[in-house]
Each structure stands twice: as structure tokens, then as C-alpha cells.
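Indexing begins at 1, ligand by ligand and atom by atom, following the structure's order. For clarity, every value in this text was computed on a predicted model and none was experimentally measured.
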Amino acid sequence: MSTPENRQFKLISRPVGMVQRSNFEFAPAPAGTPGPGEVLVRVQYLSLDPAMRGWMNEGRSYIAPVGIGEVMRSGGIGRVVASNDPSLAVGDTVVGMTGVQDYAVAKAKEMMKVDPRLAPLPRFLGALGMPGLTAYFGLLDIGQPKEGETVLVSAASGAVGAVVGQIAKIKGCRAVGIAGGPDKCRYLTEELGFDAAVDYKSEDVRAALARHCPKGIDIYFDNVGGEILDAALSMLARRARVIICGAISQYNHPEAIQGPRNYLSLLINNALMEGFVVFHYAARYAEGMQALAGWAMAGKLKAREDVVDGLETFPDTLQKLFRGENFGKLVLKVANE
Ligand SMILES: NC(=O)c1ccc[n+]([C@@H]2O[C@H](COP(=O)([O-])OP(=O)(O)OC[C@H]3O[C@@H](n4cnc5c(N)ncnc54)[C@H](OP(=O)(O)O)[C@@H]3O)[C@@H](O)[C@H]2O)c1
């Protein structure tokens, strides 16, 4: 096989505030050839995640920062076009860390084979992928929801939040979502089965939470941090669990993160606040995937993806996450299926 043409986004400077196109160089590069134990993957869809903003910052985190001059890190799904490992064959569909490029040379053992007949490919980057697993382990392992409890989730129409609310319903809880705008709120209650939705852009969040969570909040699954975390803390029930999954409202100014002011609510209510990273559950991904796929097949887990066409749009498309312009899991289409 002749070496195909590859295009890559490399990080060339660390963003200050919102990520910009000028933080990257977009240039052709050789696709590379897989060495022993490796495969060459034709990337079809890339997963655009809020965490990518954090990976661009210098400093200690759960994963090393993307180095200056390196291809921007990203999850992706694609087809194996050359294999140098017996575990994967040409034509297999795989999910894993591909980077923001057309072709990725990857270690076969770090790629997960999926059956493309089971769902549209972008879904393996959303409800049936890392965000779905994040919702599954965060809510069930840390939250330990019990029937009749009230579960509140923010960024509720997004990739993680939509799955959190639906699992809460599956477990017999009352699910309340916070989202930006009437369309997203209607989607939560009319299509996903949430019991109530709060439009934080047009409503007084505390007043709305008091209305929709009359017995207090037993579990708050926090995706946004900032003011909304404070509002949720002010409404905790006794023995509540606050799950720190993310804080997207704070990612663009890491030097001045707004921490919770209402943390004494944890003391008053004998409550717990715990953070987590989904990668730490890697040994249990198969369990999570099986549960998520089962619920999807049974019609209990619906999903929606926001697919944008064109690798070249990457930096502008990534910005959509921080402006709330994505509706569903944000995915970049790189090549036809
Ligand atoms: N801990 C982990 O292992 C892990 C894994 C995956 C994701 N996460 C975290 O989970 C959260 C959700 O990720 P996702 O992939 O599901 O993204 P998403 O919810 O699909 O998209 C991000 C959404 O966040 C909301 N948002 C953006 N800026 C906001 C602000 N200033 N205040 C309030 N809401 C804001 C927007 O929705 P609205 O229009 O509703 O505002 C936007 O659509 C992120 O914080 C992410 O970092 C954590």
C-alpha cells in the first residue's frame, strides 16, 4: 500500500482563555507505517471533548499535557487500513486515542474493536463510548442512587449529562437536568424522560431547584462547576453525594477557578463530595459497555450526536463546547464511512 496523505493539527502554543486556531498548525505529514504490535487507522470521526482544553495546559493533571509541537490528543473511531498485529485485521473498526489527524499509527492493544453494525459510528464516541462510561461509573459507583432519590445533573443535554439522567430514571430516581435554552430543556423532558429541566440561561436556578427538588438533592452530578455548583450545594438533602465530573464553566480561566462557596452545606447535611476520572475505571469498561448497550437496545437509553464535517474546522468546532453551541455529543467527521 502506498503511504496515504495525512493532515494533522499540532499544538504550537498554549491557549490563554478560549482555545484559538492560532494555537495550532494544520499541515500535511506522512501517515506513517505500523511497527510490530501497531496498526494504521483511517480516522472517520473524532471526539471533541471539554477535557481537550485542560490537556493543552502546562502542569500536573491526571494525564500529561500535550507537548508543544505534538499532534493534538483526541479520541476517535476509524477503520484499520494496515495491521502489524494479529489481534486486529484490515477492515476492523476501532475506537481509541487517534489524535486530530486523518491517519493514526496506534498500538493495537490500546484500540478497542467495535461492531459497526450495532450503532452509527459517532455513538461509539458518545453514549456508547467514553462519555457514556463516565456517566455510568460516576453515577452508579460514586452516586449509588437509590429508588425515589432526586438526581440533579448539569450540562444535562450533553454527552455525559444525557446519559446520567437516563440512568437515574432506569434506577427509579427523579431526574432533574440543568441546560441552556428552551430547546435543550424540552429535549430533556419530552424525549429523554427527565422529570424536570431548568434553563439556567433564563431562570433563577435556586428558585427553580427549590421547585423541582422539593425534598432536596440526593445526588448532584456536576459537569459545570461555578455558580451552578453553588446553587446545587445550597439544596442538598441529608447524606447527599456530590459527584465532581467536570467544571466546564471554569476551563477557560484555569488561573482563577471559582471554587464552591457553599461547601459548609456538606457539613450541615452529612454529605459527600467526590471527584473522579473515567480512565481509572478502564478495567471495568466491558461491564459498563455491556450495560449501556443493553439499555440502548431496550430503548431506555437515547442519544443524539452533533456532527460537524471537516477535519480542517477543528479549532472552531471545539469552541462550540464552551459556548453551549453543541446539541448532543460533539463529533467531527473526518472521512466517509
Ligand atoms: N471526569 C471524567 O472522567 C470526565 C469524562 C468526560 C467528560 N467529563 C466532563 O463532563 C462535562 C460534560 O462533558 P461532555 O463531553 O458531556 O460535554 P457536553 O455536555 O456534550 O458539552 C458541553 C456543554 O457544557 C455546557 N456549558 C458550556 N459552558 C458552560 C458554562 N459556562 N456554564 C454552564 N454550562 C456550560 C453547554 O451546554 P448548555 O448549552 O446546556 O450550557 C455545552 O453544550 C465536562 O465538564 C467534561 O470535562 C469528565
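If you look at Lys184 next to ligand 1, the close heavy atoms, those under 4.0 Å, all belong to the side chain. Both the backbone and the side chain of Asn223 come within 4.0 Å of ligand 1, counting heavy atoms alone. Under 4.0 angstrom from ligand 1, there are no non-hydrogen atoms of Pro131.
Using a 4.0 angstrom heavy-atom cutoff, Met130 counts as in contact with ligand 1. Within the 4.0 Å heavy-atom cutoff, Phe327 does not count among the residues contacting ligand 1. Within the 4.0 Å heavy-atom shell around ligand 1 one does not find Phe279. Residue-ligand proximity: Asn326 is placed with a non-hydrogen atom under 4.0 Å from ligand 1. Taking 4.0 Å as the cut-off, Ser157 does not count as a neighbour of ligand 1 on heavy-atom distance.
At a 3.5 angstrom cut-off on N or O pairs, Ala159 counts as close to ligand 1. Backbone and side-chain nitrogen or oxygen atoms of Cys245 are examined, and one is located within less than 3.5 angstrom of a nitrogen or oxygen of ligand 1.
Once rounded to the nearest 0.5 Å, the distance linking CD of Gln319 with CG of Asn252 reads 9.0 Å.
Judged by distance alone, the side chain of Lys113 and the main-chain N or O of Val95 form no donor-acceptor pair under 3.5 Å.
Checked for salt-bridge contact, Lys169 and Asp195 meet the test: a charged N lies under 4.0 Å from a carboxylate O.
In this structure, Phe24 has its ring center closer than 6.0 angstrom to the ring center of Phe314.
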Tell me, with the steps shown, if Glu287 and Tyr281 meet side-chain hydrogen bond (donor to acceptor under 3.5 Å, both in side chains).
CA-CA 10 Å; Glu287 166 205 324; Tyr281 286 92; over 6 Å; no
